[in-house]
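Each chain gets a letter, A, B and so on, in the order the sequences are listed, and its residues count up from 1. Scope of the values below: all heavy atoms of this structure, side chains included, with no hydrogens, waters or symmetry mates. As the structure is a prediction and not an experimental result, all values here were calculated from the model.
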Amino acid sequence: MKKLYIIGLLAIGFASCKPQLEPSKPQQGEADFSRYVAVGNSLTAGFADGSLYRYGQEHSYPSMLAKQFAQVGGGDFVQPLLPGNYGYPNAKMMLAVRRGFCDAEASLKVIPFEGALDTPGSSTNISYQGPFNNTGVPGIRCIDYLVPGYAMYNPYAKRFFYNPTGARPLDEVLRINPTFFTLWIGSNDVLSYATGGGESSSTGISDLNLFSYSYDSVVRALGRNGAKGVILNIPDVASIPFFTTIPAKGLTLTKNDADQLNAKYNGTDMRFNTDGSPSYFVIQDSSVPRGYRQIKAGEMVLLSVPLDSIKCNKWGSAVPLPAKYVLTANEVSKIKTAVASFNQVIAQTAAAYNLPVVDMNAYLGTLMSGIKFNGISFNTTFVSGGAFSLDGVHLTPRGYALVANQIIATINSKYQATLPWVDVTAYDGLKMP
Amino acid sequence: MKKQLLLMGSLLLSSAVTFGAGYQLNLQGLRQLAMGGSGTAIPWDAATIFYNPGGLTEFRHLTLYASGQFIMPSAQYVPTPTGNFDARTKDKTYPTFNIYAGGPIVDKSKLSIGIGVYTPFGSGTKWDDNWTGRYIIQEIKLQSIFFQPTVSYKFNDIVSVGAGFIYAVGSVHLDKAIPLQNTAGADGHAQLKGDGHGVGFNIGVHVMPTEKMHLGLTYRSQVNMKVKRGYASFDVPSSVASSFPYTAFSSTLPLPQVLSLGVGFNVSERVTLQADINFVGWKAYDTLSFDYQDNTAALEDTHTPRRYKNTLAVRAGMHYKFSDKVQGMLGAAWDPSPVRDGFVSPDLPDANRGVFTAGLSYKPAPKLSIMAAVEYVRTIARKSSFDAEGFQGKYQTTAFTPGIGLAYNF
């Protein structure tokens, strides 16, 4: 008996010899997460790879935040989920090894999704499942939040708004009667102008006064019952791969082609390198007398440009790139000015309502120079950067997790909470064939 | 126009190989291990070939020694600044051994010779394959065996000296995940395996100023373990496989020099006390370089700063003679970490460590000793980061090492 007793003691002693750290205990601090609403656009909805699909929604940053909130008294979290993963309304993008029209060899390319079409029912209004905690609407601008019946013009809103024909988007986001909110709006007030190449056919940049008025109205309404929250500002185009992936000086020519172009454009200021080094693309520009010119450093070729046309049909050389694929210096400057003034409005409004700002503009700047998280390298390079999805504007689940952690850090410091950070490695990056 | 879709960035494999203080084993003799790892002053048995080659002349006849130790390390991680989960290493046992033989070349000679075969660096860490630090390390195993032929010379009854040449062999094996997911969402994987070898020496002076007092001073040189031809293999999505070729690599892992000063004192018929101070030259571990034979954009040679600092460890123990047949040992040590904040990696999360030891020796026959000893190592919980990989957390590690062995004095 005595021996057994000693062995038992030894066993207990041995177990207590192991490390005994206690993970820190999550605390809600001064915030009340019982009814959380996420207000925002496509970035909030979980849009990725050029479309909205269920897996992306399930890995939206609000859903990641809700999981952490749930550990400190957060309530149910309901999203207006789509039925399938094909993408709605258009197919999402995927990576595949393919041979382009003029390629000698197959290489990794971004192509439309080739999986099963599982979208039937996507347009059906599902407001009976609500009220929703994630009210992110792809495409929505700040100035749209005060427009009654807005959902009639936006299929994403139409499918989950309770009163699509009459309500303002602001009314819809307030239906949950939030105790806590995250607000990330304003990108589309300038970004849709930018992604459309700054053309008049696309949506223009929102009027600053209207932006300011709408922003203030939204923030005031969200906080009306003493709800606390976090505000995210908007990133500049310079840190988004959609605008930075294709270099202005990215036209590689054979000596023969370059000679022909130099002959063709003889007498102009256009020059093409004959030594195989890259030259500036030729772009349309209605502001110059002949209607085209070479692009300049600092101007941007958009990721939406058809690369096969550049390779096969002499786009960007003998055929000037259409203006909708290009941001000229003038357009870039307009965008930068708008981003700066919108962010100023955001900062001032946040200060007025004593709300913390997550400086996403600065964070994407940091991301551009590269960050490491648990052994994963992230930067803003297209595909290999890991943070941006295949459309070059929206994020991967891992990218959204990085955003969630920025928000959590801000909540913890402003509201004396100790929310656990999101484990970025638990989410997917880009999937490669 | 070429669209450069894939420049994966350098894959810093070298970041996953550290020889932390936890890999330095102080298990080269059971009796010494049981006294906090001290043993520079008093030549208790043939293990003095390691602890102080100068002490070998104390044995007037052939002396033999063999022991095995079984390291059972355990590490725990919790994320910082906040977190709600923890991770623990898998239970694994890493065996080590020591064999020594030595004695005077002829009866009553002042010159003694001997050989030691021992394992001064080793151990390993195995985390769950899917844990949050998997892109830094999943599993690492390090082994080393030192062969040390030794000569020792007794000038007089007070002073003797000894020197040993060291030939070391070792191996490193590591697994880690690569953050490139295939279409099913599974991570890529890298495995590095390499064998290395190196040379060094171990010299010591043993002084007995009085009948009751022993002094020892030893110096074990740095041993540069050269991995001339290791192999790296990768399992990544096929579209990027050409960037990750199966390739040879070379590297050098420096095992640090150790300068030890020891003192031992026979307090009474039954009680002996001894203590050591070890100066460990971890500073040699400044930068770790990996040279891959086939470089690609994703697989470049790496030079990772480690910036270890030198450390001073203190060890002390007591030897108690219960009877002619039974003896007991007790000891403790304080072993500070050479790893600076910002460089603490989860492959072996290093921290200041306390060591607690005990042992028993039993003589069933006058010439034969059977020994058993146990060492328990526990680090102070350490909150730190591994900045090169953007990894931070709080760690604690423990190791429980029982050992058993035999000594025979002719």
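- Between A/Arg398 and B/Pro179 the shortest heavy-atom distance is NH1-CB, 4.1 Å.
- Interface remark: A/Ile371 contributes no atoms to any contact with chain B (heavy atom separation under 4.5 Å).
- Once rounded to the nearest 0.5 Å, the distance linking CD1 of A/Ile376 with CD1 of B/Ile178 reads 12.5 Å.
- Looking only at side-chain heavy atoms (C-beta outward), A/Cys17 and B/Thr398 stay at 4.5 Å or farther from each other.
- In this view, A/Lys67 and A/Tyr427 satisfy the side chain to side chain contact (heavy atoms under 4.5 Å, CB included) rule, not counting sequence neighbours.
- When heavy atoms are compared at a cutoff of 4.5 Å, A/Leu419 approaches chain B solely by way of its backbone atoms N, CA, C and O.
- In this structure, chain A has no heavy atom under 4.5 Å from any part of B/Asn130.
- Only the backbone of B/Thr397 comes within contact range of chain A, judged by heavy atoms closer than 4.5 Å.
- Taking chain B as the reference chain and counting heavy-atom pairs below 4.5 Å, the highest number among A/Ile408, A/Asn412, A/Val97, A/Thr418 is found for A/Thr418.
- Of the two parts of A/Asn379, neither the backbone nor the side chain holds a non-hydrogen atom closer than 4.5 Å to a non-hydrogen atom of chain B.
- Chosen from B/Gly188, B/Ser238, B/Gly133, the residue pairing most often with chain A at heavy-atom distances under 4.5 Å is B/Ser238.
- Inter-residue side-chain proximity for A/Leu21 and B/Lys383 is flagged as unmet; no heavy-atom pair is nearer than 4.5 Å.
- For the pair B/Thr183 (side chain) and A/Pro433 (backbone), a donor-acceptor distance under 3.5 Å is absent.
- Residue A/Glu30 qualifies as enclosed at atom CD: its count of foreign heavy atoms under 6.0 Å is above 12.
- The OH atom of B/Tyr135 sits 12.5 Å away from atom NZ of A/Lys372, with the distance rounded to the nearest 0.5 Å.
- Among B/Asp187, B/Val78, B/Asn84, the residue with the largest count of heavy-atom pairs under 4.5 Å with chain A is B/Asn84.
- In this structure, CD on A/Gln20 lies 11.5 Å from CG on B/Asp86, to the nearest 0.5 angstrom.
- Within the 4.5 angstrom heavy-atom criterion, only side-chain atoms of A/Asp423, from C-beta onward, approach chain B.
- The closest donor-acceptor contact from the side chain of B/Gln181 to the backbone of A/Gly429 lies under 3.5 Å.
- Ranked by non-hydrogen atom pairs under 4.5 Å with chain A, the options B/Ala381, B/Pro81, B/Pro346 are led by B/Pro81.
- Each of A/Met94, A/Gln68, A/Gln71 has some count of heavy-atom pairs under 4.5 Å with chain B, and the biggest count is that of A/Gln71.
- Crowding of A/Lys314 atom NZ: a count of heavy atoms from other residues, nucleotides or ligands under 6.0 Å not exceeding 12.
- One N or O on the side chain of B/Arg134 and one on the backbone of A/Thr425 form a donor-acceptor pair closer than 3.5 Å.
- Here the straight-line distance linking atom NZ of A/Lys109 with atom OG of B/Ser239 works out to 12.5 Å at 0.5 Å rounding.
- Between the side chain of A/Ser24 and the main chain of B/Thr82, no donor-acceptor pair closer than 3.5 Å is present.
- Proximity to chain A (any heavy atom under 4.5 Å) is shown, for B/Ala186, by neither the backbone nor the side chain.
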